[in-house]
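Read the structure below first, then the notes.
Since the model is a prediction, treat every value here as computed from it, not as a measurement. Lettering of chains follows the sequences in order, A, B, ..., and the numbering in each one begins at 1.
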Amino acid sequence: MKDIVNPGEDELVLRNRLKEAVRATQTPAFLEARIRNAIAAEPPRRVWWKQFMPAAAALALLVVSVGVAYQLGNLRLTTASQESYIASVTGRVATLMRVGLGDHIHCSVFRKYPKNAPKVEELASNLGPRYKALVPIVQKHVPKDFQLMIAHVCAYHDRKFLHLSMKGDSNLMSLVIVRKKDSESFRTEEMLPALTQSGIPIYKAGAQKFQIASFETEGHLVYLISDLRSEKNLQMMLAMAPSVKEILEKAKS
Amino acid sequence: MPANSLSGESTATAQRSVAERFEAEAMPHLNDIFRTASRLVGDRERAEDIAQEVFLQAWKSFHRFESGTNCRAWLFKILFHCVNHQRRKWFRFPLLKEKEEFIEANLIQPEKIPDHLTDEDILAALDRIPSEFRALILLVDVEEFAYKEAAEIAGIPIGTVMSRLSRGRKLLREHLSSVAQSYGIGKASEKGAGA
């Protein structure tokens with residue numbers, strides 16, 4: 001009979017002996033069959049909700065998409081919801097900028113456009129002889145993929161607007177002209193112009209996706225509103241401002 | 001073919017596939033579960049009931065088991081849950097803290113273990129160890145789980161695993177030394193040799 005001298009080795013031997021002794025325990029032959037029978041009588045629990053996961057994910061995505069679209073002004077089907085959207089967007093810009101932006105959203109954004117653009121001559125005739133020259137000016141300065149879809153006189157919140165609306169692949173643009181009321185002026189609003197290169201101070205503002213570039217004549221406020229980049233919008237307004245100003249002054253005289 | 005019959009077929013196919021997975025991943029560990037249950041509760045009949053309970057519970061919650069993870073450790077976790085549940089039903093155990101304090105106070109330096117001991121001697125010594133220590137000896141020394149796995153299975157911190165394991169091993173050696181002495185080996189034989 002030999003005692004193990006090395007404690008480490010002794011420990012290892014003990015563990016091996018223990019392992020062998022415990023593992024020698026025989027599982028009764030019937031136990032496996034008994035367990036199988038018990039299992040067979042018990043259907044596995046089904047994770048019912050897992051089946052609905054794709055549908056739930058799709059629904060959640062839909063809800064989020066609808067929510068986002070609604071916040072961005074889409075799916076506003078009633079006049080009240082459209083007005084609340086216009087108020088929420090225009091509330092973010094200076095008072096004088098709200099005038100043109102409101103009409104753009106009201107008349108251009110919440111509108112179904114025909115598949116094909118109307119004839120330019122038709123649209124120009126809607127503006128009357130004094131303002132029909134605006135059409136070629138606008139067409140000259142906006143990107144080629146924009147088509148003139150509307151040229152008309154419209155009314156919003158008791159004010160009349162000259163409104164030219166253009167539609168690109170996924171962008172909208174409006175040239176909105178309105179007669180000044182009372183003492184409306186960017187100067188009295190103490191706004192600083194963003195550009196003055198053409199001798200005409202151009203003011204800019206932005207709210208959500210809408211970029212506004214604006215200038216004033218003696219009797220009018222002129223807005224170019226689009227969902228293009230702010231700089232691009234500003235440059236277009238800078239380019240067309242002298243010609244537009246000239247037409248408005250001619251029309252006044 | 002009516003739609004409900006199609007859906008019935010797909011349900012049956014799904015159940016068959018779950019059954020096949022269970023058969024392949026869980027059933028091979030029956031021996032491990034039974035022998036550990038047997039040593040934990042010290043009674044073969046209870047161990048059979050517990051092993052059955054373990055596999056039944058595993059089957060019922062097999063949808064929660066992630067295929068490819070350690071099914072054996074998962075089954076042992078269920079085993080420990082079942083054993084603890086059964087114990088609470090059968091006995092009122094003294095708090096382990098008291099037991100640990102008692103053992104700390106009474107632990108003596110272990111003797112060298114003679115190598116002639118039988119499996120029965122070793123198992124008898126193992127069975128004399130308090131269950132909390134015995135459980136960890138079974139998990140780590142017999143079933144070869146890592147300390148971390150043993151901690152997860154037993155639901156205790158890893159430090160507690162190590163301290164209980166150390167104490168359990170010392171107790172096992174002590175009990176085995178007592179067995180050896182009862183055979184007239186060890187201290188008794190040393191005395192005899194000295195006389």
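- A salt bridge is absent between A:Asp103 and A:Arg159: the closest approach of a Lys/Arg side-chain nitrogen to an acidic carboxylate oxygen does not fall below 4.0 angstrom.
- Looking at B:Arg134, its side chain does come within 3.5 Å of a backbone N or O of B:Ile129 through a donor-acceptor pair.
- With respect to the salt-bridge test (charged N to carboxylate O, under 4.0 angstrom), the residues B:Glu174 and B:Lys170 do not qualify.
- In terms of heavy-atom pairs under 4.5 Å with chain A, the best-connected choice from B:Glu120, B:Glu53, B:Glu144 is B:Glu144.
- Using bins of under 30°, 30° to 60° and over 60° for the plane-to-plane angle, the ring pair A:Phe161/A:Tyr156 lands in the tilted bin.
- Within a 6.0 Å radius of NZ in A:Lys209, other residues, nucleotides and ligands contribute more than 12 heavy atoms.
- A distance of 5.0 Å separates CG in A:Asn171 from CG in A:Leu228, rounded to the nearest 0.5 Å.
- For a residue to count as touching a neighbouring chain, one of its non-hydrogen atoms must lie under 4.5 Å from one of that chain's; by this rule A:Ala38 touches chain B with backbone and side chain alike.
- A:His152 and A:His163 have tilted rings, their planes meeting at an angle from 30° to 60° on a 0 to 90° scale.
- Within residues 26-38 of chain B, the residues having any heavy atom closer than 4.5 Å to a heavy atom of chain A are B:Met27, B:Leu30, B:Asn31, B:Phe34, B:Arg35, B:Ser38, listed by residue number.
- Contacts between residues 71-82 of chain B and chain A, counted as heavy-atom pairs separated by less than 4.5 Å, involve no residue at all.
- Side chain of A:Tyr113 to backbone of A:Ser108: a donor-acceptor contact under 3.5 angstrom is found.
- Looking at B:Asp141, its side chain never comes within 3.5 Å of a backbone N or O of A:Leu18 through a donor-acceptor pair.
- In this structure, a donor-acceptor pair under 3.5 Å is absent between the side chains of A:Asp227 and A:Gln211.
- Between atom CD1 of residue A:Ile105 and atom CD1 of residue A:Ile225 there is a gap of 8.0 Å, rounded to the nearest 0.5 Å.
- Neither the backbone nor the side chain of B:Asp127 comes within contact range of chain A, judged by heavy atoms closer than 4.5 Å.
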